[in-house]
Amino acid sequence: MKISYQMVRQSEEIRTYITQADHSLSALGFTEHSFAHVTRCAEVAADILVQLGYDAHQQELARIAGFMHDIGNVVNRHDHAQTGAVMAFRILDKMGMEPADVAAVITAIGHHDDSTAFPVNPVAAALILADKTDVRRSRVRNKEHQSFDIHDRVNYAAERSDLSLDKDAGTITLTLTINTEFCAVMDYFEIFLERMLLCRRAAEHLSLQFKLVINGLALL
Ligand SMILES: [Fe+2]
Ligand SMILES: [Fe+2]
């Protein structure tokens, strides 16, 4: 059976896990990982594959992986990619999704977390790019600037963030406008160097070059 993104988005079961996972991350002091984050990941991951000419089915699998990629946080932040992949296997199998499609989705989910991430296939590569580039002020929950941690500072400082793909030039560029009152460009690097290198590997898997522009400066 072909399981659509629409069916996944409307699943009360999946929505419950996304909500509960985000509650746990809120308690742990992490930035927003709720519907705003996962919907953005679903849309951006699919859009990358659309622009590169991948078929509609691959695009749909990227949307599903994007929407479900952080559900493992409901168990624990640690190893949430692997836990989330196992949860997604059970849910999608129960919904009647074909094994090859389940495999593509759980491969992408299981390979998205910073330390163990790897762009093993185009869906995984697109998910890594979508997830690691979601930097924005609205992800910060902490209202007290004094108690901002480095993740809060970096996200809060991001006044504008834009990911754009230029197929002819073979590039995918993350353009950020950072308010340096809240975060030095070096703070950004301290947190994001690993993620940006991951983006570079993911882009290479899609035969693209990853570029990073912060406040008009080309840094990668
Ligand atoms: Fe994650
Ligand atoms: Fe995520």
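Predicted model, so just to flag it, every value in this text is computed and none were measured. Whatever order the structure lists ligands and atoms in, that order sets their numbers, starting from 1.
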If the threshold is 4.0 Å, N to carboxylate O, is there a salt bridge linking R137 and E159? yes

Per residue H37, nearest N, O or S atom to the Fe ion (ligand 2) is named NE2

Near the Fe ion (ligand 1), is there an N/O/S atom from H80 that is less than 2.8 Å away? yes

Tell me if the aromatic rings of F118 and H205 count as close, with their centers under 6.0 Å from one another. no

H112 near the Fe ion (ligand 2): N/O/S under 2.8 Å: no

Should the pair F30 and H33 be assigned to parallel (<30°), tilted (30 to 60°) or perpendicular (>60°) ring geometry? perpendicular

Using a strict threshold of under 4.0 Å (side-chain N to carboxylate O), is an ion pair present between R63 and E60? yes

Return yes when at least one N/O/S atom of D131 is nearer than 2.8 Å to the Fe ion (ligand 2), and no when none is. yes

So, 2.8 Å as the limit: is an N/O/S atom of C41 located closer than that to the Fe ion (ligand 2)? no

is_close_aromatic(H112, H80), centroid dist under 6.0 Å: yes

Could you pull out the atom name of the N/O/S atom in D70 that is nearest the Fe ion (ligand 1)? OD1

